[in-house]
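Single-structure report; data block below.
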Amino acid sequence: MQTVETQNEGLKRAYRMTITAKDVESRIDAEVKKIAPQVRMPGFRPGKVPANLVKKMHKDSLLQDALNSSIQEGVQKAIADNKLRPATQPHVHLDNDYAPGKDAVVDFHLEVLPAISAPSIDGITLERLTVEVTDAAVDESILKLAAGQKSFEAADKKYAAKLGDSVVIDFEGKIDGVPFEGGKGEGMAVELGSGQLIPGFEDQLVGVKANDEKVINVTFPEDYNAENLKGKAATFDIVVAEVRKPVEAKADDNLAKMFGLEGIDKLRELMKVQVEQEHNGLTRTYMKRQLLDQLAADHDFDVPPSMVEAEFEQIWAQLEQEAAREEDPEAAKKEMEAERNDYRDIAVRRVRLGLLLSEIGQANGVEVSSQEMNMLVQQAAQQYRPEDRQRFVQYLQENPMAAAQLRAPLFEDKVVDFLFGKATVTEKTVTKEELEAAIEAEPDAKPAAKKKAPAKKAAAKEEASAKEAKPAAKKAAPKKEAAEAKDDAKPAAKKAPAKKAAAKK
């Protein structure tokens, strides 16, 4: 086997490997000798089938296995001999002219991690902004909790429903005067203004009273999830059973008992801990922003293009999801496109910071223990169905890059904590609003600070400075089955049976 380098530019490497026909044949012979004792063939005693017949029976699979093992060994030897640190899996191509009995010519290329001189961790200065947990902050958090436990009480029979009220209805949907399947239901509670139903449905219930009968005219959206209803004009015959008004949320013992607690004092204790944890999280985010900005400002080196592309695709997918939820998705997407280069710069920054943190961690003995890794695997496996969890664990065992992706956030957190311990830290007490403003401020070291993005769209940019950078692995975990999360379409219910399927978005 002979291997020669064909490309050495920046972080790109390419090689041409020649595997002789003799080498392939010797591997096949060795495999035949290994499997012959187990081969069964009519007319021969077990283990006595001639080697030439065994070879003839399994020639295709034997050849494929011999080539695969030769290629794998050759690639690994080239990586070891040239002391390469792969950033990606090598891309392998067998020459199209190859035929059995001929030498095999194999080209493979890969990207390597850059050589990073040991980053200096001296002279890091950080400011820790802390927020005191006040009684007012605890009270606010309890009121928010109470508001989330919305309840309604029956209104007077003459009361006209308004936005924010709940209307209990019986309904029957029709297209061209003919009832359609899944368009009928009874006793459905609709919160007016919640946006849970198709456009126009809830608006036409404003003003109704108990026992009213009304015909509602709507048009199903073009992207509705029932093919037979997409874009169709429909009517709904409505009978109003009851109108309910929201009950004002109160922070009292009854609220605490809804969460299984003895009383409001116990709830206050728990909410104080939660508020403190929230403040600590904001403090850490701000400190991490400063740390990453200092590292980014002090280090500049080329990063593997494929890792940048993978990171950019992840950022872009997140932005597309956010744009789809905007009032004007097309305008949001247009604005994204105008800032595409900025987001690509952010991807470069993330990858570079990930590599830096990885190098710092390795140089200073930061490790994720096997026990910690096992906990990560078990936690990640919980998102899958019980019958798929073992398959997920096996996938991680067979795919080191996928396992590295799972390990990366915890490893980075440990490196960040290590650097916090080495830094000179000053303390300052601020309000929560001041801390949030400091986090949202455009960092000086950010490469994409040409202009300030809108508040909602800036999320990915802010995240680029404070988020855990992914050290050296592309995302490679298998996708969770989507089927178990699907809901059938239905008319006006929050969680009505599938056959009640008409007006929901």
Side-chain angles (χ1 to χ4, degrees), residues 148-155 157 159-246 320-321 323-330 383-388 479-505:
Q149 307 301 311
K150 185 179 295 186
S151 60
F152 297 87
E153 62 182 7
K157 298 290 185 182
Y159 177 81
K162 59 185 180 180
L163 291 176
D165 292 337
S166 176
V167 178
V168 181
I169 61 172
D170 300 334
F171 62 89
E172 183 174 27
K174 301 175 182 178
I175 293 178
D176 295 331
V178 179
F180 57 87
E181 184 179 358
K184 187 174 183 178
E186 297 178 354
M188 177 175 290
V190 180
E191 184 180 343
L192 305 188
S194 66
Q196 70 188 95
L197 308 184
I198 60 176
F201 197 109
E202 295 170 22
D203 294 340
Q204 294 177 65
L205 290 175
V206 172
V208 299
K209 302 174 183 177
N211 301 319
D212 278 359
E213 297 184 10
K214 186 170 184 175
V215 177
I216 286 178
N217 295 279
V218 294
T219 299
F220 284 95
E222 292 292 342
D223 61 350
Y224 194 67
N225 54 8
E227 285 293 333
N228 62 318
L229 299 178
K230 287 183 177 180
K232 296 288 185 66
T235 61
F236 281 87
D237 298 334
I238 303 294
V239 177
V240 180
E242 187 177 50
V243 176
R244 299 172 177 172
K245 296 191 294 185
E320 287 180 327
Q321 291 176 0
R325 294 193 292 266
E326 294 283 351
E327 292 183 7
D328 188 346
E330 290 305 316
Q383 66 180 306
Y384 296 94
R385 297 176 303 185
E387 60 268 29
D388 292 333
K479 293 182 180 178
K480 185 179 179 182
E481 297 285 344
E484 59 185 308
K486 269 188 178 177
D487 283 329
D488 290 326
K490 50 188 171 54
K494 299 171 185 172
K495 281 286 179 184
K499 62 182 181 180
K500 295 182 180 180
K504 190 175 180 186
K505 282 183 178 176

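Quick note: numbers below take in every heavy atom, side chains included, and nothing from hydrogens, waters or symmetry partners.
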Looking at every non-hydrogen atom in both residues, tell me the closest pair between [X] and [Y] and how far apart they are.
X      : Y      : result
Lys245 : Ala155 : CG-CB, 3.8 Å
Arg244 : Asp165 : O-CB, 3.4 Å
Ala161 : Val243 : CB-CG1, 3.8 Å
Pro329 : Ala324 : CG-O, 4.0 Å
Lys214 : Gln204 : NZ-O, 2.5 Å
Ala154 : Glu242 : CB-OE2, 3.2 Å

Got a donor-acceptor contact below 3.5 angstrom from the Asp212 side chain to the Lys209 backbone?
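It does hold such a pair.
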Review point. Is the backbone N or O of Thr235 less than 3.5 Å from a side-chain atom of Asn217, with the two atoms forming a donor-acceptor pair by type?
Key: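 Pair absent, no side-chain N/O of Asn217 close to backbone of Thr235.
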Separation between [atom1] of [X] and [atom2] of [Y], rounded to the nearest 0.5 Å:
X      : Y      : atom1 : atom2 : answer
Leu192 : Leu197 : CG    : CG    : 9.0 Å
Phe180 : Glu172 : CZ    : CD    : 9.0 Å
Lys174 : Asp237 : NZ    : CG    : 4.0 Å
Glu320 : Arg325 : CD    : CZ    : 12.0 Å

_Using side chain to side chain contact (heavy atoms under 4.5 Å, CB included), reason through Phe220 and Ile198 one step at a time and then give a plain yes or no._
CA-CA 7 Å; Phe220 284 95; Ile198 60 176; 3.9 Å; yes
Evaluate whether atom NZ of Lys162 has more than 12 neighbouring non-hydrogen atoms of other residues, nucleotides or ligands under 6.0 angstrom away.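 Not buried by this count: 12 neighbours or fewer within 6.0 Å.
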Side chains of [X] and [Y]: does their closest heavy-atom pair fall under 4.5 Å?
X      : Y      : answer
Glu330 : Asp328 : yes
Ile175 : Leu229 : yes
Ser166 : Val190 : no
Glu202 : Glu191 : no
Ile216 : Phe171 : no

